[in-house]
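As structure tokens, the structure follows; a few thoughts come after it.
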There are 2 protein chains.
Amino acid sequence: MTDSNPNASLTAPSIHGDALPPVEQHAQQYATVRNAHETELIEDYVELIGDLLTHRGEARAADIANRMAVSQATVSKMIRRLNELELVTSKPYRSLFLTEAGQKMAETSRARHDIVLHFLRALGVKDATARIDAEGMEHHVSDETLDIMQRFTEQQQKS
Amino acid sequence: MTDSNPNASLTAPSIHGDALPPVEQHAQQYATVRNAHETELIEDYVELIGDLLTHRGEARAADIANRMAVSQATVSKMIRRLNELELVTSKPYRSLFLTEAGQKMAETSRARHDIVLHFLRALGVKDATARIDAEGMEHHVSDETLDIMQRFTEQQQKS
DNA sequence: CAACATTGTTAGCCAAGGCTAAACTATTTG
DNA sequence: CAAATAGTTTAGCCTTGGCTAACAATGTTG
Ligand SMILES: [Mn+2]
Ligand SMILES: [Mn+2]
Ligand SMILES: [Mn+2]
Ligand SMILES: [Mn+2]
């Protein structure tokens with residue numbers, strides 16, 4: 001280990017900005033992000049399929065491809081994966097449907113997404129920007145922060 | 001195109017929550033996220049190397065591996081890439097250094113990271129949670145939102 | 001200074017998430 | 001109902017970002 005004094009950051013005063021966090025904590029930050037990246041795309045697909053079913057009555061691969069701006073081949077491959085994960089059911093050339101697990105994930109993701117989006121709007125971010133930011137941020141917001149965002153939004157609406 | 005009426009969301013009233021955004025806008029959301037994912041790891045590496053240089057005087061591959069909780073082989077491969085991108089200079093078995101471009105990226109990333117972190121703390125999020133959330137969120141926050149976050153934090157500090 | 005410990009590199013593997021091209025199925029329409 | 005159009009799948013390719021195992025270089029210490 002090169003980093004011979006892992007807690008130097010806690011003791012060494014410095015002319016620079018914030019000190020480095022302890023190694024273990026720092027590692028946890030990156031590990032959590034890597035973890036989020038593993039599930040993020042899946043959540044977006046499931047959430048979108050749920051939205052299409054709710055608002056359109058069916059979820060076709062072509063819609064997903066259009067809405068994600070991705071090729072149909074990419075969607076087709078992903079659907080196979082969602083199938084293996086038992087999040088969706090699909091018959092060839094037919095609309096997709098969500099399994100129980102898929103519906104649960106869709107609801108959770110949608111709720112989280114909405115809290116982040118409404119929070120950003122409450123903060124004063126323009127709608128188009130808020131939507132773009134929320135699409136990425138949603139996967140990196142802890143439950144603790146989510147709670148605070150929700151309370152902030154409610155507070156804002158009362159005034 | 002299956003989605004025969006792409007703007008239905010603007011007109012169709014619904015018992016459900018928020019309607020689907022128009023296809024083009026929706027596609028833009030996902031595309032922006034995919035874009036952020038391409039640069040995010042690189043930014044984290046460059047930012048960390050800058051921090052190690054600032055706070056430790058040198059940036060060794062082993063430190064990076066420890067702080068990112070990743071194998072040394074992974075770091076070694078990434079350094080080759082950073083080299084090709086002319087963000088760092090490196091001699092085998094010696095500390096890394098940032099090029100001009102690398103320093104610029106490190107500063108920008110660090111500033112952005114700090115704004116998000118300080119904003120989360122100002123919101124009332126616990127430090128450890130704020131650090132984890134900021135590590136992921138920072139890559140998905142627009143300049144517009146960043147400005148608003150910064151002003152919010154300053155406001156908070158005055159009271 | 002030889003041995004050992006630490007650090008860095010390389011080779012080879014894998015999964016995820018993109019792409020294009022080609023083939024196949026379903027639907028619409030002349 | 002045949003042909004054209006739209007939608008779906010498959011095959012094969014690529015890059016990114018992980019990993020382990022083996023080896024090489026450097027640094028430390030008895
Ligand atoms: Mn989402
Ligand atoms: Mn998303
Ligand atoms: Mn960062
Ligand atoms: Mn980060």
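Residue numbering restarts at 1 for every chain, and letters A, B, ... go by the order of the sequence lines.
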Looking at [options], which one has an atom nearest to any side-chain atom of [X]?
| X | options | answer |
| --- | --- | --- |
| A/Lys77 | D/dC19, C/dG18, C/dT20 | C/dG18 |
| A/Ala62 | C/dT10, C/dC19, D/dG7 | D/dG7 |
| B/Thr74 | C/dT20, C/dT9, D/dC19 | D/dC19 |

- Would you mind classifying the nucleic acid contact of B/Ile79 as base, sugar-phosphate or nothing, using non-hydrogen atoms under 4.0 angstrom?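 No contact.
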Margin query: Using a 4.0 Å heavy-atom cut-off, does B/Ala65 contact any base of the nucleic acid, only the sugar-phosphate backbone, or nothing at all?
Written below: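 The answer is nothing, as B/Ala65 stays clear of every strand by at least 4.0 Å.
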Contiguous Watson-Crick or G-U pair runs (3 or more, under 3.5 Å) in DNA chain D: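 DNA chain D forms these stems: C:1-30 with D:1-30.
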How would you list, by chain and number, every residue that makes a side-chain contact (heavy atoms from CB on, under 4.5 Å) with [X], sequence neighbours excluded?
| X | answer |
| --- | --- |
| B/Glu84 | B/Arg80, B/Arg81 |
| B/Thr39 | B/Glu43 |
| B/Ala101 | B/Leu87, B/Thr99 |

Atom CD1 in B/Ile49, atom CG in B/Asp63: separation rounded to 0.5 Å?
->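 Separation between the atoms: 10.5 Å.
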In Å and rounded to the nearest 0.5 Å, what is the CG to NE2 distance from B/Leu41 to B/His139?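 Those atoms lie 8.0 Å apart.
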Could you tell me how far apart [X] ([atom1]) and [N] ([atom2]) are, to the nearest whole angstrom?
| X | N | atom1 | atom2 | answer |
| --- | --- | --- | --- | --- |
| B/His37 | D/dG18 | NE2 | P | 12 Å |
| B/Arg34 | C/dC19 | CZ | P | 7 Å |
| B/Arg80 | D/dT16 | CZ | P | 12 Å |
| B/Tyr45 | D/dG18 | OH | C1' | 9 Å |
| A/Glu38 | C/dA16 | CD | C1' | 10 Å |
| B/Ile42 | D/dT15 | CD1 | P | 15 Å |
| A/Asp63 | D/dG7 | CG | C1' | 10 Å |
| A/Lys91 | D/dT9 | NZ | P | 14 Å |

Problem - Sequence neighbours excluded, every pair satisfying salt bridge (charged side-chain N to carboxylate O under 4.0 Å, His left out) that has a member inside residues 122-136 of chain B - result: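 Checked against salt bridge (charged side-chain N to carboxylate O under 4.0 Å, His left out) - neighbours excluded - the pairs reaching residues 122-136 of chain B are A/Glu144-B/Lys126, B/Arg121-B/Asp127, B/Asp127-B/Arg131.
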Legend entry - Listed partners of A/His26 passing ring pair (Phe, Tyr, Trp, His ring centres under 6.0 Å), at least two apart: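 Per chain and number, A/His26 pairs via ring pair (Phe, Tyr, Trp, His ring centres under 6.0 Å) with A/Tyr30.
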| said: For B/Phe119, give me all partners under ring pair (Phe, Tyr, Trp, His ring centres under 6.0 Å), at least two apart in sequence or on another chain. | reply: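 With sequence neighbours excluded, B/Phe119 shows a ring pair (Phe, Tyr, Trp, His ring centres under 6.0 Å) to B/Phe152, given in chain and number order.
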Pick the closest DNA chain C nucleotide for A/Thr39 and for A/Ala73 by heavy atoms, then say which residue is nearer the 5' end.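 Taking each residue's closest nucleotide, the earlier one in sequence belongs to A/Thr39.
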Using a cut-off of under 3.5 Å, enumerate the N/O to N/O pairs linking the protein to nucleotides 25-29 of chain D.
| residue | atom | partner | partner atom | Å |
| --- | --- | --- | --- | --- |
| D/dA25 | O4' | B/Tyr93 | OH | 3.1 |
| D/dG27 | OP1 | B/Arg94 | NH1 | 3.2 |

| task | State which residues pass side-chain hydrogen bond (donor to acceptor under 3.5 Å, both in side chains) with A/Glu47; sequence neighbours excluded, sorted by chain then number. | result |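 Here the qualifying residues are A/Arg110, A/His113.
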